[in-house]
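What follows is one structure encoded as structure tokens, with my remarks underneath.
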There are 2 protein chains.
Amino acid sequence: MAQTTVAAQLAETGRMDGGDPCSSCPLGPVSLCRSLPEAERQELLALQATVRLGGHETLFNEGDPALHVFIPLAGAVKLYKMMPDGRRQITGFFFRGDLFGFSAGTVHTTTAEAIVPCVLCRLPVARLEGLLTRAPVLERLVWGRALASLARFEEQVLLLGRKSAPEKLASFLTGISDRAVARGDVASPVLVPMGRADIADYLGLTIETVSRTLTRFRHEGLIDLPRPGTMVLRDAARLRRLADGLDTLG
Amino acid sequence: MAQTTVAAQLAETGRMDGGDPCSSCPLGPVSLCRSLPEAERQELLALQATVRLGGHETLFNEGDPALHVFIPLAGAVKLYKMMPDGRRQITGFFFRGDLFGFSAGTVHTTTAEAIVPCVLCRLPVARLEGLLTRAPVLERLVWGRALASLARFEEQVLLLGRKSAPEKLASFLTGISDRAVARGDVASPVLVPMGRADIADYLGLTIETVSRTLTRFRHEGLIDLPRPGTMVLRDAARLRRLADGLDTLG
DNA sequence: CGCTGCTTTGATCCTCATCAAGCGCAGTGG
DNA sequence: CCACTGCGCTTGATGAGGATCAAAGCAGCG
């Protein structure tokens with residue numbers, strides 16, 4: 001199968017949606033626009049393009065020119081790095097309102113792939129940079145997102161380096177739930193659109209260990225798995241203690 | 001022992017070195033000042049203070065107000081997070097010219113501790129932010145440092161999540177060497193001022209595994225350990241292949 | 001109905017953690 | 001000058017947590 005990325009397609013064809021995207025923007029409080037002065041908001045809107053992505057479709061590959069940053073309006077995206085022998089490490093999941101695609105150099109250091117069909121807000125970095133110097137409010141917002149990424153990486157590094165499998169899963173579940181709350185969704189029936197393989201590659205485990213640990217959680221009454229893609233946190237407090245190593249299973 | 005941090009002391013006393021620090025600045029090409037327009041350079045210089053730190057002294061603790069960012073002029077610093085039961089994960093090592101101390105919120109998310117006696121350039125974030133909006137060249141430099149941190153975290157996440165012990169150590173050694181080259185030092189007799197415990201807590205291993213793996217490297221002719229604190233990379237090419245999972249030991 | 005892909009469950013193995021000495025060296029004091 | 005001691009590193013023996021190998025549910029779907 002030919003692996004042309006959507007970003008590449010769009011770059012070539014110049015296709016983008018017209019119209020008035022921000023008025024129909026579902027981001028609400030997590031939007032970059034919402035709290036901007038009208039002038040800055042208009043300038044940002046002028047840069048914006050909407051991108052649609054099918055499930056499992058690749059947005060950009062590691063090594064592609066880093067021309068845009070993205071914000072999911074709907075759907076979910078994963079970023080990952082691969083080793084030559086096929087080992088994979090997912091570096092982050094991105095949901096509605098999350099900003100991703102920053103790069104230190106001129107190329108992306110990870111691959112971005114849609115977990116489910118997505119609608120993304122796309123911003124060209126070159127023009128965004130120019131805007132940032134003129135729009136201090138926006139600049140602070142973007143800085144905040146970048147620094148939040150750093151803080152999440154620190155947590156992920158602690159998780160990967162020092163936590164046991166149950167602690168990793170407990171951290172993952174409470175983290176997903178906290179992020180849902182932060183963007184205005186409910187804490188407990190939490191949407192987990194990614195499969196076991198993605199969870200495993202995010203937590204530095206195998207799918208078997210993820211599966212086994214989740215069934216242990218279920219037997220302990222910590223969670224419910226009513227249907228694939230949704231998880232119910234039945235005892236979030238204990239999950240949090242587990243995540244911090246203050247409690248253990250059985 | 002009372003754990004007053006140096007940063008706290010300085011904040012209280014307001015003590016800082018006067019004089020002309022940048023003219024004696026040993027950073028050279030890794031300096032933030034070097035390539036700035038004179039006006040911006042002067043403003044940055046006005047914010048700067050020099051901090052001296054004894055070995056193993058704490059610069060700031062996780063949870064302390066995040067008032068400054070720092071650049072080592074000499075010495076080495078480690079940042080780490082602790083779990084309630086004492087497990088420790090080092091999130092990064094910082095050498096001459098590296099910028100650290102960014103924080104998403106108002107408090108530090110890690111503890112910073114000197115590995116050896118240090119001299120640090122200290123910049124107050126509040127005033128630095130104001131300067132950044134007026135000094136676009138400096139702003140781009142600082143952005144670049146922040147994005148470089150993100151890229152290094154991605155690598156560390158891959159390392160912790162998916163690499164074996166020998167791969168981790170090979171990555172560590174080549175990484176240390178590459179950073180030495182980037183700041184103008186030699187690639188091979190590389191200074192490794194941190195002890196085995198620090199290396200272990202950085203790589204998600206134990207000191208025993210670090211020690212054993214290094215002796216295997218030595219027996220394979222990959223490295224030499226002439227004296228504590230210095231390592232010679234005898235076969236950097238093979239170390240790199242090891243780091244990428246393209247080669248194995250014995 | 002029989003695929004196909006994902007998840008669960010089971011049996012076995014292996015890497016690395018844990019537990020426990022032993023070593024080398026610097027500092028200290030007799 | 002040399003035991004004594006403390007610390008960091010190395011080395012050895014054992015064990016556990018999670019990986020690997022294997023197979024069996026369990027949908028959705030053509």
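FYI, side chains are in, hydrogens and waters are out, and symmetry mates aren't considered; it's all heavy atoms of this structure. Just so we're on the same page: letters track the sequence lines, and every chain starts at 1.
L205(A) comes within 4.0 angstrom of sugar-phosphate atoms only, judged by non-hydrogen atoms across all strands, and of no base. Here G204(B) lies in heavy-atom contact (under 4.0 Å) with sugar-phosphate atoms only.
Scanning atom types as modelled, one donor and one acceptor separated by under 3.5 angstrom connect the side chain of R212(A) and the base of dG10(C).
Taking every side-chain heavy atom of E208(A) into account, dG10(C) is the closest of dG10(C), dC16(C), dG18(D). Among dC16(C), dT9(C), dT7(C), the nucleotide with an atom closest to any side-chain atom of I207(A) is dT7(C). The listed nucleotides are dT20(D), dT10(D), dG18(D); the one nearest the side chain of T206(A) is dT20(D).
Between the P atom of dT8(C) and the CG atom of L169(A) lies a distance of 11 Å, rounded to the nearest Å. The CG-P distance, from L214(A) to dC6(C), rounds to 17 Å in whole Å. Regarding L203(B), its CG atom lies at a distance of 19 Å from the P atom of dT15(C), rounded to whole Å. One atom, CE of M194(A), and another, P of dC6(C), lie 15 Å apart when rounded to the nearest Å. In this structure, I115(B) places its CD1 atom 16 Å from C1' of dG8(D), rounding to the nearest Å. For R196(A) and dC6(C), the CZ to P distance is 12 Å, given to the nearest whole Å. If you measure from atom NZ of K163(B) to atom P of dT15(C), you get 18 Å, rounded to the nearest angstrom. The distance between atom CZ of R227(B) and atom C1' of dG24(C), rounded to the nearest whole Å, is 15 Å.
Comment: E167(A) engages R87(B) in a salt bridge, judged by a side-chain N to carboxylate O separation of less than 4.0 angstrom. Between E155(A) and K81(B) there is a salt bridge, with a side-chain nitrogen of the basic residue lying less than 4.0 Å from a carboxylate oxygen of the acidic one.
Within the 4.0 Å cut-off from OP1 or OP2 of dG18(D), not a single side-chain nitrogen or oxygen of T209(A) is found. OP1 or OP2 of dT11(D) sits under 4.0 Å from a side-chain N or O of T215(B).
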Report the C-alpha separation of S177(A) and T174(A) in whole Å, then their side-chain angles, then the decisive distance to 0.1 Å, and conclude whether the side chain to side chain donor-acceptor pair (under 3.5 Å) test is met. CA-CA 5 Å; S177(A) 173; T174(A) 55; over 6 Å; no

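Checking each of R183(B), R179(B), K78(B) against D98(B) for a salt bridge (charged side-chain N to carboxylate O under 4.0 Å, His left out) leaves exactly one that passes, namely R179(B).
In this pair, F94(A) and F100(A) present their aromatic rings tilted. The plane angle is within the 30 to 60° band.
Between L225(A) and R162(A), the residue whose closest nucleotide on DNA chain C is further toward the 5' end is L225(A).
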